[in-house]
Amino acid sequence: MAAPVTRFAINGYKGRMGVAVAKVLDQAKHPVSAKYEKGDMFDLTRTDAVIDFSSPEASLSLLEACAGEGLARPRPLVHVIGSTGFTPEQRDELIRFADEVVIIQSGNFSLGVNLLMGLLKQAAARLAAEDWDIEIVEAHHRRKVDAPSGTALMLGEAAAYGRNVRLDEVKVAARDGITAARRAGDIGFSVIRGGGIVGEHSAVLASEDEILTLSHSARDRTLFARGAIQAALWGRTQKAGFYDMQDVLGL
């Protein structure tokens, strides 16, 4: 039996990622039922899954609409959220709708980046914090408004998980002036913004004697679009809940 057709909506369709999602959906001949930008009314009556690269505020507003629409359906809507810059309070608000919507939220929908997270988690667990410093280095285009990037924070969380600590307890996001010596166990973040850089991420693990660098380079943002669409199709077979790309890939 053929798989049911999934009808997609795109939130933030005029943005760089929205354009990439529309391009990949068109190439794969997936139907697009609606496109939204800031201030638009959400009509989800003919939509099964939403791909959303907008802003935290816009994503939360759309998620509430998905929850309301899904109450009248035999299966919940799928809301794939690639927006970044959520505060802890906004993330808690996302989770509030997990009983009514299939929410798949990630700072990065790349297969390579998600594998990188797994490698970093293992490395951080095996290399002693008192001997090995960890620095997350990320670079993006000049138009990106949040820093560190969502992906950089995901990598930081993976490193913190490997060391069995909370990232907010060891995170150092900025340095300027006389900062004193680095504290053992800190996870630092360095940010570059310039030109049209699609996305570069590295985890540098440095001891007194050697340096290990795990890195990922994005060459075309359609790779993120393909991952988000893969996540949406996976989500169509799931119960309402809160998921991430690690779940989608079985990692």
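Please read these numbers as outputs of a predicted model, since none were measured by experiment. Below, all heavy atoms of this structure are taken into account, side chains as well, without hydrogens, waters or symmetry copies. Sequence positions, counted from 1, serve as the residue numbers for this chain.
- The two residues Lys239 and Val102 make their nearest non-hydrogen contact at O-CG2, 3.6 Å.
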Before you tell me yes or no, could you show the steps for Phe242 and Arg91 under side-chain contact (heavy atoms from CB on, under 4.5 Å), namely the whole-Å CA-CA distance, both residues' side-chain angles and the distance that decides it to 0.1 Å? CA-CA 11 Å; Phe242 192 86; Arg91 186 169 173 82; 3.5 Å; yes

Phe8 and Ile229: side-chain contact (heavy atoms from CB on, under 4.5 Å), yes or no, with the steps? CA-CA 9 Å; Phe8 288 86; Ile229 293 165; 4.1 Å; yes

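- Annotation: salt bridge (charged side-chain N to carboxylate O under 4.0 Å, His left out) contacts involving residues 198-221, sequence neighbours excluded, comprise Glu200-Arg219.
- Ion pairing between a basic and an acidic side chain is recognised when a charged N comes within 4.0 Å of a carboxylate O; Glu135 and Lys171 show no such pairing.
- Taking each heavy atom of Ser110 and Phe224 in turn, the nearest pair found is CB-CE2, 3.9 Å.
- Looking at every heavy atom in both residues, Ala232 comes nearest to Ile51 through CB-CD1, 3.8 Å.
- Here the side chains of Lys14 and Val19 are not in contact, with every heavy-atom distance at 4.5 Å or above.
- Surrounding CZ of Arg142 are at most 12 heavy atoms belonging to other residues, nucleotides or ligands under 6.0 Å away.
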The test is side-chain contact (heavy atoms from CB on, under 4.5 Å); show your working for Trp234 and Ile104 and say whether it passes. CA-CA 10 Å; Trp234 176 87; Ile104 305 169; 3.9 Å; yes

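- Leu167 is listed as a side-chain neighbour of Ile187, based on a closest heavy-atom distance under 4.5 Å.
- The number of heavy atoms from other shown groups lying within 6.0 Å of CD (Gln246) is above 12.
- The distance from the CZ atom of Arg73 to the CG atom of Leu44 is 7.0 Å, given to the nearest 0.5 Å.
- The CG atom of Leu153 sits 9.5 Å away from atom CD1 of Ile136, with the distance rounded to the nearest 0.5 Å.
- For the residue pair Thr6 / Asp48, no side-chain donor-acceptor distance below 3.5 Å is found, with atom types taken as modelled.
- Side-chain atoms of Ile211 and Val204, non-hydrogen and from C-beta on, do get closer than 4.5 Å to each other.
- For the pair Phe97 and Ile103, the minimum side-chain heavy-atom distance is below 4.5 Å.
- Residue Ile192 belongs to no hydrophobic cluster, having no ILVMFWY side-chain heavy atom closer than 4.5 Å to its own.
- Between the CD atom of Glu89 and the CG atom of Leu94 there is a distance of 12.0 Å, given to the nearest 0.5 Å.
- Not a single donor-acceptor pair under 3.5 Å links the side chain of Gln122 to the backbone N or O of Leu119.
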Determine, step by step, whether Ser207 and Asp131 satisfy the side chain to side chain donor-acceptor pair (under 3.5 Å) criterion, reporting the C-alpha distance in whole Å, the side-chain angles of both residues, the deciding distance to 0.1 Å, and the verdict. CA-CA 6 Å; Ser207 73; Asp131 298 323; over 6 Å; no

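- At a threshold of 4.5 Å between non-hydrogen side-chain atoms, the residues Arg175 and Arg182 count as touching.
- How far CZ of Phe109 is from CZ of Arg226: 15.5 Å, rounded to the nearest 0.5 Å.
- Under the 3.5 Å distance criterion, with hydrogens and angles disregarded, no donor-acceptor pair is assigned to the side chains of Asn108 and Ser106.
- Using modelled atom types and a 3.5 Å distance limit, the side chains of His201 and Ser149 yield a donor-acceptor pair.
- None of Leu115, Leu212, Leu205 except one satisfies the side chain to side chain contact (heavy atoms under 4.5 Å, CB included) rule with Leu120; the exception is Leu205.
- With respect to the salt-bridge test (charged N to carboxylate O, under 4.0 angstrom), the residues Lys23 and Asp26 do not qualify.
- The side-chain heavy atoms of Phe53 and Tyr13, taken from C-beta on, include no pair separated by under 4.5 Å.
- Listed for the Arg7 side chain is no donor-acceptor partner under 3.5 Å among the backbone atoms of Val32.
- Note on Lys121 versus Glu157: no salt bridge recorded, every NZ/NE/NH1/NH2 to OD/OE distance being 4.0 Å or above.
- Leu62 and Val80 fall into different hydrophobic clusters, defined by Ile, Leu, Val, Met, Phe, Trp and Tyr side-chain heavy atoms under 4.5 Å apart, directly or through other members.
- With hydrophobic clusters built from ILVMFWY side chains whose heavy atoms lie under 4.5 angstrom apart, Val170 shares a cluster with Phe189.
- The closest side-chain heavy-atom distance from Ile81 to Phe86 is below 4.5 Å.
- Across every non-hydrogen atom of Trp132 and Arg163, the tightest pair is O-NH2, 2.6 Å.
- Environment of CZ in Phe42: crowded, with over 12 heavy atoms of neighbouring residues, nucleotides or ligands closer than 6.0 Å.
- Taking CD1 from Ile197 and CD from Glu138, the interatomic distance works out to 9.5 Å, rounded to the nearest 0.5 Å.
- Here the side chains of Arg193 and Arg143 are not in contact, with every heavy-atom distance at 4.5 Å or above.
- Leu77 and Leu63 sit in two unconnected hydrophobic clusters of ILVMFWY residues. Membership requires side-chain heavy atoms under 4.5 Å apart, directly or through other members.
- More than 12 heavy atoms of other residues, nucleotides or ligands lie within 6.0 Å of CG in Asp92, so this atom counts as buried by the packing criterion.
- In this structure, Leu111 is a member of the same hydrophobic cluster as Met245, with clusters built from ILVMFWY side-chain heavy atoms closer than 4.5 Å.
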Thr84 vs Lys144, side-chain contact (heavy atoms from CB on, under 4.5 Å): CA-CA, chis, key distance, verdict: CA-CA 10 Å; Thr84 58; Lys144 188 166 180 62; 3.6 Å; yes

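- Of all heavy-atom pairs spanning Ser59 and Asp52, the tightest one is OG-OD2, 2.8 Å.
- Under the 4.5 Å side-chain heavy-atom criterion for Ile, Leu, Val, Met, Phe, Trp and Tyr, Tyr161 and Val165 are members of distinct hydrophobic clusters.
- One finds the CE atom of Met117 at 13.0 Å from the CG atom of Leu214 (value rounded to the nearest 0.5 Å).
- Among residues at least two apart or in separate chains, side-chain hydrogen bond (donor to acceptor under 3.5 Å, both in side chains) pairs with a member in residues 29-38 are Ser33-Thr47.
- A pairwise comparison of heavy atoms in Val198 and His140 identifies O-CD2, 3.4 Å as the closest pair.
- With no hydrogens or angles considered, a side-chain donor-acceptor pair links Asn11 and Ser54 at under 3.5 Å.
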